[in-house]
Amino acid sequence: MSKELFLQSMKALLGDSYPAFESSLEQPPFRGVYVNELKCSTARFRQLFPFPIEPTPFAPCGFYLDPDTAHLGTHPLHHAGAFYAQEPSAMSAAAVLAAKPGEKVLDMCAAPGGKTAAIAAALGGNGLLWSNEYVKQRTFTLLSNCERMGVRNAVISNADSAVLAKQLPQFFDKVLVDAPCSGEGMLRREKADYEKWSPKNIALCARRQAEILHNAAQTLACGGELVYSTCTFNRTENEEAVEAFLATHPDFELLPIQEPFGSPGFGMPEARRIFPADGGEGHFVAKLKKRGEAAAVKYSDFTAGSAPAAFDDFYKQQFAAAPAGRPCEIGGKIFICR
């Protein structure tokens with residue numbers, strides 16, 4: 001019954017476009033890989049990768065993979081961190097975020113790590129990436145993927161978004177909220193999840209998304225940008241979630257997304273929607289900006305010999321406690337030595 005209710009909701013949402021969507025449910029789901037340019041250039045990857053791939057419209061380093069490709073996770077290039085297996089439309093969020101070297105970026109809901117890896121590659125080892133995951137068990141997967149992908153300038157945390165809002169106010173230049181959602185865009189791939197679909201679950205997800213968005217806004221510096229994304233189709237978790245956020249956060253404005261993938265949001269042309277007809281399983285992406293002048297950098301770069309003291313000061317300001325060990329500088333990086 002849940003599948004029938006879901007299809008009825010999609011028919012009401014899509015109108016004349018529904019038959020094409022219904023037909024797409026019988027097709028194999030899209031598969032893709034994201035090339036990790038921290039480890040390997042895209043040109044070199046195409047020379048080395050033994051499977052046929054084609055570019056996606058969602059990210060410069062994203063490629064479609066044949067649906068029948070097998071044993072991808074056992075290939076040496078995977079173990080070396082040269083690529084991340086990712087559903088193609090999921091690549092759109094990090095591409096819209098467009099992190100730049102030197103920026104401080106928060107990935108609020110980061111596991112399993114595909115978007116974090118893309119952000120890290122965009123930073124190119126310069127700046128700070130803070131990757132947070134609320135579910136502790138998923139944090140281990142996030143950490144493993146960051147290690148495999150060669151991410152060296154990241155903090156991995158397992159915290160409630162409210163804790164980050166309190167401890168890191170107005171700290172980040174950019175924030176990505178790829179929010180936990182009802183996952184309607186994944187139902188073509190995970191057909192067993194049809195039974196989990198319900199209007200009640202959508203309402204629950206929307207409440208959680210509103211809380212995460214509010215907390216994410218507190219961590220963003222004035223002049224900074226926030227990208228909100230989901231892998232679901234309904235308006236409640238997408239356009240309506242953004243509208244509700246803007247209504248309660250007048251210091252934010254909606255920015256038009258310039259990337260040419262997908263189609264405009266429903267009643268929200270600045271946002272982008274992706275359906276299977278657009279070449280991906282399903283995604284919604286919106287970009288917002290916090291009004292005001294960007295504040296001066298709060299913490300200067302470490303200078304030779306000053307790193308442990310500077311780190312100790314930073315740590316105490318953020319967490320109101322001394323580090324659980326002695327900060328030490330090794331090779332230009334800071335470690336907490338016990």
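- Salt bridge E195/K3: absent, no basic N to carboxylate O contact under 4.0 Å.
- Placement of I119 and L220 in two distinct hydrophobic clusters is found when ILVMFWY residues are connected by side-chain heavy-atom separations under 4.5 Å, directly or transitively.
- Linking ILVMFWY residues whenever their side-chain heavy atoms come closer than 4.5 Å, directly or via other members, places L254 and I212 in the same cluster.
- A85 and L72 get closest at one heavy-atom pair: CB-CD2, 4.0 Å.
- Counting heavy atoms from C-beta on, the side chains of E281 and C231 never come closer than 4.5 Å.
- With 3.5 Å as the limit, one finds no donor-acceptor pair spanning the side chains of S131 and D107.
- With salt bridges taken as basic N to acidic carboxylate O contacts below 4.0 Å, one links K174 and E103.
- Within 6.0 Å of the NE2 atom in H71, the count of heavy atoms belonging to other residues, nucleotides or ligands does not exceed 12.
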Inset, instruction - Assess whether ring-ring contact (aromatic ring centres under 6.0 Å, His included) is satisfied between Y84 and Y34, documenting all intermediate values. - result: CA-CA 5 Å; Y84 186 94; Y34 187 89; 8.3 Å; no
Inset, instruction - Walk me through it: do F245 and H214 pass the test ring-ring contact (aromatic ring centres under 6.0 Å, His included)? - result: CA-CA 7 Å; F245 173 81; H214 171 73; 8.1 Å; no
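- K191 NZ: more than 12 foreign heavy atoms inside a 6.0 Å radius.
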Inset, instruction - Show the numbers, then the answer: is there a side chain to side chain donor-acceptor pair (under 3.5 Å) between E237 and N234? - result: CA-CA 6 Å; E237 298 177 71; N234 64 81; 2.8 Å; yes
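- A heavy-atom distance below 4.5 Å is found between the side chains of R188 and P276.
- The shortest non-hydrogen separation linking A216 to V175 is CB-CG1, 4.0 Å.
- Using a cut-off of 4.0 Å between Lys/Arg side-chain N and Asp/Glu carboxylate O, K287 and E225 are scored as salt-bridged.
- Among all heavy-atom pairs drawn from A122 and A99, the shortest one is CB-O, 3.4 Å.
- For Q47, the CD atom counts as densely surrounded, since its 6.0 Å shell holds more than 12 non-hydrogen atoms of other residues, nucleotides or ligands.
- F284 is connected to L246 through a chain of hydrophobic side-chain contacts under 4.5 Å among Ile, Leu, Val, Met, Phe, Trp and Tyr, so both are in one cluster.
- For the pair L123/N153, a side-chain contact is recorded, criterion being any heavy-atom separation below 4.5 Å from C-beta on.
- In this structure, the side chain of D173 does not engage the main chain of G224 through any donor-acceptor pair within 3.5 Å.
- Annotation: K289, atom NZ; neighbour count of heavy atoms from other residues, nucleotides and ligands within 6.0 Å does not exceed 12.
- The closest side-chain heavy-atom distance from L7 to K11 is not below 4.5 Å.
- Taking the six-membered ring where the residue is Trp, F51 and F49 present perpendicular rings, their angle passing 60° and hence far from 30°.
- Using a 3.5 Å distance cut-off with no hydrogens or angles, the side chains of N238 and R235 do not pair a donor with an acceptor.
- Using bins of under 30°, 30° to 60° and over 60° for the plane-to-plane angle, the ring pair Y64/F30 lands in the tilted bin.
- The shortest side-chain heavy-atom distance between E240 and V242 does not fall under the 4.5 Å cut-off.
- Heavy atoms of other residues, nucleotides or ligands lying less than 6.0 angstrom from CD of Q27 number more than 12.
- Criterion: ILVMFWY side-chain heavy atoms under 4.5 Å apart, direct or through other members. Under it, M108 and V105 are not part of a common hydrophobic cluster.
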Inset, instruction - Start with the C-alpha gap between E270 and L255, add the side-chain angles, then the distance that decides, and say whether side-chain contact (heavy atoms from CB on, under 4.5 Å) holds. - result: CA-CA 6 Å; E270 299 90 345; L255 297 180; over 6 Å; no
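- Side-chain contact between F45 and L77: present, with at least one pair of heavy atoms (C-beta onward) separated by less than 4.5 Å.
- A 4.5 Å side-chain heavy-atom check between N145 and T116 finds every atom pair outside the cut-off.
- In this structure, V135 shares a hydrophobic cluster with Y134, the cluster being traced through Ile, Leu, Val, Met, Phe, Trp and Tyr side chains under 4.5 angstrom apart.
- The shortest heavy-atom contact between L142 and G113 is CD1-CA, 3.7 Å.
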Please report, to 0.1 Å, the donor-acceptor pairs under 3.5 Å made by any side chain of residues 89-96, with sequence neighbours excluded.
residue : atom : partner : partner atom : Å
S89     : OG   : E87     : OE1          : 2.6
S89     : OG   : E87     : OE2          : 3.0
S89     : OG   : G282    : N            : 3.3
S92     : OG   : S89     : O            : 2.7

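- Below 30°, between 30° and 60°, or above 60°: for F233 and F21 the angle between ring planes is above 60°, a perpendicular geometry.
- Contacts of T139 classified as side chain to side chain contact (heavy atoms under 4.5 Å, CB included), with partners at least two apart in sequence or in another chain: E133, I156, N158.
- A 4.5 Å side-chain heavy-atom check between P264 and M268 finds every atom pair outside the cut-off.
- Side-chain atoms of S182 and W197 form no donor-acceptor pair, as typed in the model, at a separation below 3.5 Å.
- For the pair R46 and I53, the tightest heavy-atom approach, listed with the atom from each and the gap, is NH2-O, 3.6 Å.
- With respect to the salt-bridge test (charged N to carboxylate O, under 4.0 angstrom), the residues R291 and D251 do not qualify.
- The minimum heavy-atom distance linking A217 with L226 is given by the pair N-CD1, 4.1 Å.
- Both Y18 and F266 are members of a single hydrophobic cluster when ILVMFWY side chains are connected at heavy-atom separations under 4.5 Å.
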